Amino acid sequence: QERFDRLRYLEIKHGRISMAAFIGMMVQELGITFPGSLDLKGEVPFDSVLDNGMGFPALSAVPTFGLAQIILFGGIAET
């Protein structure tokens with residue numbers, strides 16, 4: 001029963017994360033972006049991220065520290 005409860009909890013958590021990811025993809029498809037820039041220097045505006053395409057190609061436009069934050073959040077979400 002304890003294992004089943006843990007698996008149920010994980011399924012609900014992953015479902016919520018996937019729903020948030022879906023909303024994020026829909027917002028990108030509609031062309032909605034945040035004002036401002038991704039980095040503290042103001043060199044990378046939010047709307048320039050999708051210049052290379054969506055998904056993995058867009059990651060090349062994200063600064064390294066931003067990618068580290070994404071990976072850190074994913075790690076925290078999994079614990």
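All figures in this text were calculated on a predicted structure; none of them were measured in a lab.
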Nearest-0.5 Å distance, [atom1] of residue [X] to [atom2] of residue [Y]:
X	Y	atom1	atom2	answer
M25	L30	CE	CG	11.5 Å
L38	D47	CG	CG	9.5 Å
D39	T64	CG	OG1	11.0 Å
R3	R6	CZ	CZ	10.0 Å

Should [X] and [Y] be regarded as members of a common hydrophobic cluster, given that ILVMFWY residues are connected when their side-chain heavy atoms come within less than 4.5 Å of each other, either directly or indirectly?
X	Y	value
V27	F22	yes
F46	I70	yes
Y9	F4	no
V62	L40	no
L67	V49	yes

> Between the main-chain N or O of A77 and the side-chain N or O of K13, is there a donor-acceptor pair closer than 3.5 Å?
Replying inline: yes

> Which pairs pass ring pair (Phe, Tyr, Trp, His ring centres under 6.0 Å) with one or both residues in residues 51-79, sequence neighbours excluded?
Replying inline: none

> What pair of heavy atoms forms the shortest contact from A58 to G53, and how long is it?
Replying inline: CB-O, 3.2 Å

> Between A61 and S48, what is the shortest heavy-atom contact and its length?
Replying inline: CB-O, 4.2 Å

